[in-house]
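Chain A is the first sequence line, chain B the second, and so forth, proteins listed ahead of strands; every chain is numbered from 1. Only a predicted model underlies this, so the values are computations on that prediction, with no experimental measurement involved.
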Amino acid sequence: MTYNFNDIEKKWQDYWAKNETFKASNTSDQPKYYVLDMFPYPSGAGLHVGHPLGYIASDIYARYKRHKGFNVLHPQGYDSFGLPAEQYAIQTGQHPAVTTEANIKTYRRQLDQIGFSFDWSREVRTSNPEYYKWTQWIFIQLFESWYNNDSNKAEHIDTLVEKFVSKGNVTINAACDDNIEPFTAEEWNNYTSEEQQSILLKYRLTYLAETEVNWCPALGTVLANDEIVNGVSERGGHPVVRKKMTQWSMRISAYAERLLQGLDTIDWTDALKDIQKNWIGKSVGASVTFNVNGHDDVIDVFTTRPDTIFGVSFMTLAPEHELVSKITTAEQKEAVEAYIEKTAKRSERDRMADVKTISGVFTGAYAEHPFSKEPIPIWIGDYVLASYGTGAVMAVPCGDQRDYDFAKHFDIARPNIFEGVDISEEAYASKDNVKIANSDFLNGLAYKKASKLAIYQLEQLGQGEGKTNYRLRDAVFSRQRYWGEPFPVYYVNDKPQMIDAAHLPIRLPEVEKYLPTEEGEPPLGRADVWAWCTESNSVVSNDKINNTTIHPLELNTMPGWAGSSWYFFRYMEDTANRDGVFASEDALKYWENVDLYIGGSEHATGHLLYSRFWVKLLKDRGYVNVEEPFKKLINQGMILGTSAFPMVLILNVDPKVKYSKEFESDFLEDLTYLANVQSQNYFLSKDLSKQFHKAIKLEQIESEFLKGSITNWLDNLLDFEQFKFLSKTDLTIKCEPVELHIPIDCVELDDSINFDSLNNSALYYLHNKEYSFLKNEKGKFITERVPEKMSKSKYNVVNPDSIVADYGADSLRLYEMFLGPLEQYKPWNTAGITGVHNFLKKLWKLYHQGDDINKDNPDYYLHNPSTDDVYSAGKVVKRGFGVNDAEPTKDNLKTLHKTIKKVQEDIENFSFNTSVSTFMIAVNELTQQKCTSKAILEPLLVLISPYAPHIAEELYSKLGHTESISTAAFPKFEASYLVESSKKYPISFNGKMRFTLELPMDMSKDDIEKTVMAHEKTIAQLEGRTPKKVIVVPGKIVNIVG
RNA sequence: GCUGAAGUGGUGGAAUUGGUAGACACGUUGGACUUAAAAUCCAAUGUCCAUUAGGACGUACGGGUUCAAGUCCCGUCUUCAGUACCA
């Protein structure tokens, strides 16, 4: 009976859908387990084989947990707001909602055919108003919160107002803007409502402020720091410039310490934790205040090395520092202004790319050293960043390489304050193994004590204190785009007002075009019905705006990460009960947080940080019970495509010829270049090119066939005017792959080109030129396969649809796991899938040994014998489903139980690739053993079912079960079946294994040694030498030294 | 530059605490079956030397610890990822 995977898979996918097999319940006696994938953005291109990798892994885990008796929540949904749909809308005029809906349909079809055990009844879409209603609601909670550093949590803004009313703001320890003026309770109570609102905005966890943002002109929007890669936009690679704009920001910096501390409580990889740690960038040190000579102004700096305070020989301010214009002397004014202008022109990218150039200007002003009272020259330099710390540094050349280089370049003093350290060549930046010298009261102390004492003395002077700084910046939250969540915000006299939660959602308005307006306003500026009426509490037409009851609405939308920062809570609630809550208290209490989260590491500083931030806020405000969203996180690696390249001839003029003829060297280079350009048209099948990986001459070619073809090519080539005086024998020939992407659809499994499909391909570059493909003796042209990122532009995208059609979903699932460790990057090569596909056929066969054996065993479970034809060994034989009640043999049991052990360990270690090998070994062994015993073959199916659920269901039902296999108990491992009575000992000589010897397990150490030493092979090995030492490790190894 | 991960056959990759390196597959070669192809089955397959028996070498490179190192330690190189003057 043949393995009809297409029929079987369709059958069970329908069964699961119809019976809601994977619907999770919010009430259960079983322990809960929540397995989540990072939900996809439904792009127009659909899925390629790389996308399901993480979904397959999480699905295996979810299915395994069900077998283990857990109530599993394994949902899926769509991150359906985003830039590509909007860019497409701009180009085609189609509403993003329409294209998004179409894309989701494709995604759903593709996901369904892979057989995931998702509970689709709980699906979420971030662009659905019923969903983004709650994103807007959370935004309001952020607006109505402030961060109390004393209680170390966010509180409702009312508690802050209460404090202001009774005590003013001087005793408040809050995360807030830097430019806060102190006021008393009395002053607060006398402020106008508008003044109060302005002040509160500086404390809210989301606030409107003029900030320097990353503006991307090409996309017409601002970008967050994590959306910029190497100075260009992550999407599209467009340049980014700095620009001041009024924007909503998220005060994530308030949570810096908790975000850092929380990492210790979660099970993520160290790599990922390190990325977040670096991004948060905590540094502990001190803030020091320097008086400026001749001015009332002071300069605050942050330093991590207060112990080196006596090593300061100058100060550097960022060119943008506010004091620069104030303190610059008349003589230096011109130079300073010129420098500021020059640095302002340099883009952020230039500044980044060019780290080595030292530049700066003296301001002419001096600061006063807090202890020695010596004058310290104040410089400006663009190595100091305005956005970090206070935008000013105290420069200590002996302890910091940048300060050292700067001082050396401008010939500033470099005093040495380290005992016995040579700083003539470079700074000594280490904090360890050094004592402070030439530093008054700090002399002889090491870093820790000196720092502490320096801070204490600074505090006595009122010129400093201990301080901790974080690199983490507040996150810009406004986007000048259409396809995102609208803010629930309207403006009264330019002051933002929240719309009452009762009136949410505020739906995205219709616009004619998705581009910014002519005035440079965001696309929502084009909406005609986009004003808020405070009487009817509804969105009304713009022309009704009267600024008394009807006000303009916010024109920005929220960024992509808004909707994804809380979606994992939405899944917890049944769709039917989602109306009045983002998730009910009971649901949140039952499911808590995600037990296992699988997704790509590219979200390390975006989604994964912002979600943690929002969860902490929701917890502080009492809406959820957990501090962290994702208990355990695994990053799946990327599956790379394998591009197919032809081998191309590389021609060079033989060096000997170069010198024998009198060429000018330039001319010769041109000639070589030209020869290569011309030869790019000549392709060689890979198997023919082997001789040419080193440069050889024409006459050295071994095959006559090749020599003839290449001679022909060279004749054509040398026909050009420029080559007239060169002969074929002056050239050397080499072969290399050339980056000419042969579309992967036109490449067969043996890497040969299918010229029929290639000629029908729409690729212009393959038709434009006169290419010559030299095929091998079999008439095939073999390409070189090179791993590269899968992308449309590289023509190397493999679609799972075709894989499922040709080999089935179970094969796809197994193969994706078989490729290698989950976390690793690995190339996809469709040819390899035959290995796992054959395995499934063998598995099928193992359960269909019916007819042959049926003759002597009457107890067979035969199903549909009429269709059980199989063609085997040249004959058509009847093969029925053949599993019986035969007593399992010792070998059967051993195979089964070592498989149980290994597979269980593998799944728990997320080592799915090794499980697949284990299954192969088990099936090979059981086939060898001709096992037909139900006691073995039934538990085996449960082991395999998380990986290949369709075939497992089918065979399980054939065993007579009417229920799905999905909740069958995972087989229990019995160690007793694996106990061996003897061991095949490897016998080593000086650590090298020479032969093996089977000995009883219970043989004593002495007896083993005696037996081994008496063995003829040992005697032969020793050739009469007496061994110095014999190492016997019972149950492991014997090693004879000497 | 700094931080992190990784380097094993022609390819993807195994080797759990130091104990038989290359499991399991792909590919390749040869064979069986077939009119033929496909499918299936069998055998060989790290490199080198040797007719065989067998031997030498082998986990990026150079050292070290150990009876024994892919695994532990020191140094070097390469690749990938993150970060980029963070005071």
Side-chain angles (χ1 to χ4, degrees), chain A residues 2 229-231 269-279 281-283 285 301-305 316 351-356 358 381-385 387-396 399-403 405-406 469-471 601-602 604-605 635 637 642 749-751 785 787 815 818-821 823-829 831-836 838-839 841-842 845 870-875 902 905-906 909 911 913-914 916-921 924 984-996 1027-1033 1035-1042:
Chain A
T2 40
V229 178
N230 295 329
T269 61
D270 286 339
L272 199 72
K273 287 185 184 180
D274 280 335
I275 292 173
Q276 290 212 345
K277 270 181 205 160
N278 292 337
W279 192 260
K282 179 180 184 177
S283 45
V301 301
F302 173 73
T303 178
T304 53
R305 297 295 301 274
T316 314
R351 258 169 90 161
M352 265 164 48
D354 175 27
V355 178
K356 287 189 187 90
I358 295 165
D382 68 1
Y383 82 97
V384 176
L385 304 178
S387 58
Y388 183 76
T390 59
V393 299
M394 58 174 232
V396 182
D400 183 289
Q401 195 57 43
R402 286 157 312 175
D403 296 344
D405 294 339
F406 193 89
N469 237 355
Y470 299 91
R471 199 178 77 105
S601 58
E602 65 271 22
T605 52
N635 291 124
T642 38
L749 289 186
D750 62 1
D751 297 345
R785 304 297 294 269
Y815 188 51
F818 189 62
L819 279 178
E823 300 90 337
Q824 209 162 290
Y825 278 55
K826 55 227 162 208
W828 175 272
N829 189 354
I833 202 171
T834 51
V836 292
N838 278 341
F839 157 72
K841 285 197 215 162
K842 280 189 213 165
K845 225 187 217 172
V870 75
Y871 192 69
S872 171
K875 284 174 195 158
K902 177 84 173 116
E905 283 168 1
D906 283 347
N909 293 321
S911 171
N913 54 326
T914 47
V916 181
S917 316
T918 306
F919 293 139
M920 290 175 172
I921 293 167
N924 286 345
K984 214 172 167 190
Y985 280 89
I987 313 298
S988 306
F989 292 82
N990 297 320
K992 287 187 182 116
M993 205 280 288
R994 292 296 147 173
F995 62 94
T996 56
K1028 285 192 202 113
K1029 204 172 178 184
V1030 178
I1031 312 275
V1032 177
V1033 185
K1036 287 245 159 136
I1037 200 170
V1038 177
N1039 190 17
I1040 298 160
V1041 187

Query raised in the report: When the distance from CZ of A:F995 to P of B:rA53 is rounded to whole Å, what number comes out?
Result: 18 Å
Query raised in the report: Out of B:rA15, B:rU20, B:rC67, which nucleotide sits closest to the side chain of A:T914?
Result: B:rA15
Query raised in the report: Quick one: is A:R402 getting a side-chain N or O under 4.0 Å of the B:rC86 phosphate, OP1 or OP2?
Result: yes
Query raised in the report: Taking only side-chain nitrogens and oxygens of A:R471, does any of them come within less than 4.0 Å of OP1 or OP2 of B:rA84?
Result: yes
Query - Side-chain N or O of A:N913 closer than 4.0 Å to phosphate OP1/OP2 of B:rG12 - result: no
Requested in this report: Take A:T914 and A:D906, measure what side-chain hydrogen bond (donor to acceptor under 3.5 Å, both in side chains) needs, and give me the verdict at the end.
Outcome: CA-CA 7 Å; A:T914 47; A:D906 283 347; 3.0 Å; yes
Query raised in the report: Quantified in whole Å, what is the C1' atom distance between nucleotide B:rC41 and nucleotide B:rU52?
Result: 30 Å
**Report entry** Closest to side chain of A:M920, choosing from B:rC24, B:rG12, B:rA87
**Finding:** B:rC24
Query - d(CG, A:L749; P, B:rA39) in whole Å - result: 10 Å
Query raised in the report: When the nearest nucleotide of RNA chain B is assigned to A:N990 and to A:K826 on a heavy-atom basis, which residue is associated with the more 5' position?
Result: A:K826
Requested in this report: Check whether any side-chain nitrogen or oxygen of A:S283 sits under 4.0 Å from OP1 or OP2 of B:rA87, and answer yes or no.
Outcome: yes
Query raised in the report: How long is the line joining NZ of A:K992 and P of B:rA68, in whole Å?
Result: 10 Å
Report task. For A:N1039 and A:V1030, run side-chain contact (heavy atoms from CB on, under 4.5 Å): C-alpha distance rounded to whole Å, both residues' side-chain angles, the deciding distance at 0.1 Å, then the answer. Result -> CA-CA 6 Å; A:N1039 190 17; A:V1030 178; over 6 Å; no
Requested in this report: May I ask you to evaluate whether A:N924 reaches the phosphate of B:rA25, defined as a side-chain N or O under 4.0 Å from OP1 or OP2?
Outcome: yes
Query raised in the report: P atom, B:rU28 versus B:rU11: distance in rounded Å?
Result: 15 Å
Query raised in the report: Does A:Y825 make a side-chain N or O approach to OP1 or OP2 of B:rC80 shorter than 4.0 Å?
Result: no
Query raised in the report: Looking for any heavy atom pair under 4.0 Å, which part of the strands does A:F818 touch: base, sugar-phosphate only, or nothing?
Result: base
Query raised in the report: How long is the line joining NZ of A:K273 and C1' of B:rU83, in whole Å?
Result: 20 Å
Report summary line: Heavy-atom nearest nucleotide on RNA chain B taken for A:R994 and for A:K841; more 5' hit belongs to A:K841
**Report entry** Listed nucleotide nearest any side-chain atom of A:S917, set B:rC67, B:rC24, B:rA87
**Finding:** B:rC24
**Report entry** Spacing of A:K826 atom NZ and A:L819 atom CG [to the nearest 0.5 Å]
**Finding:** 6.5 Å
Requested in this report: Could you check whether A:V1033 gets within reach of a base, just the sugar-phosphate, or nothing at all, counting any heavy atom under 4.0 Å?
Outcome: base
Query raised in the report: Among B:rA23, B:rA14, B:rG19, which is the nearest nucleotide to the side chain of A:I921?
Result: B:rA23
Query raised in the report: Hey, does A:N1039 reach any base, or is it just sugar-phosphate, or nothing, if we go heavy atoms under 4.0 Å?
Result: base
**Report entry** Interatomic distance where NZ belongs to A:K1028 and P belongs to B:rU66 [whole Å]
**Finding:** 14 Å
Query raised in the report: Which nucleotide in the set B:rC41, B:rG19, B:rU16 lies at the smallest distance from any side-chain heavy atom of A:K842?
Result: B:rC41
Query raised in the report: What is the ring orientation for A:Y815 with A:W828, classed by angle as parallel under 30°, tilted 30 to 60°, or perpendicular over 60°?
Result: perpendicular
Query raised in the report: Rounding to a whole Å, what distance do you find between A:N469:CG and B:rC86:P?
Result: 13 Å
Query raised in the report: A:N829 CG to B:rG13 P: how many Å, rounded?
Result: 12 Å
Requested in this report: Would you give a per-nucleotide map of nucleotides 44-49 of chain B, 5' to 3', where B means the base has a protein non-hydrogen atom under 4.0 Å away, S means only the sugar-phosphate does, and - means neither?
Outcome: ------
Requested in this report: Determine the Euclidean distance between corresponding P atoms of B:rA6 and B:rA60; express it in Å to zero decimal places.
Outcome: 13 Å
Query raised in the report: Please give, in whole Å, the distance from B:rA87 C1' to A:Y470 OH?
Result: 17 Å
Query raised in the report: Does A:Q824 have a side-chain nitrogen or oxygen under 4.0 Å from the phosphate oxygens OP1 or OP2 of B:rA6?
Result: no
Query - Residue-phosphate contact under 4.0 Å: A:N838 side-chain N/O, B:rU40 OP1/OP2 - result: yes
Query raised in the report: Which of the following nucleotides, B:rU16, B:rA87, B:rG19, is nearest to the side chain of A:E905?
Result: B:rU16
Query - Candidate nucleotides B:rA14, B:rU40, B:rG19, ranked by approach to the side chain of A:K845 - the nearest - result: B:rU40
Query - Which nucleotide in B:rA87, B:rU16, B:rC26 has an atom nearest any side-chain atom of A:A831 - result: B:rC26
Report task. Determine the contact category for A:T316: base if any of its heavy atoms lies under 4.0 Å from a base atom, sugar-phosphate if only primed atoms, P, OP1 or OP2 are that close, otherwise nothing. Result -> nothing
Report task. Represent RNA chain B in dot-bracket notation, 5' to 3'. Only Watson-Crick or G-U wobble pairs with both distances under 3.5 Å count; pseudoknot-style crossings use [ ] and interstrand partners use |. Result -> (((((((..(((......[....)))((((((.......))))))((((....))))..(((((..]....))))))))))))....
Requested in this report: Classify the ring geometry between A:Y388 and A:F302 as parallel (under 30°), tilted (30 to 60°) or perpendicular (over 60°).
Outcome: perpendicular
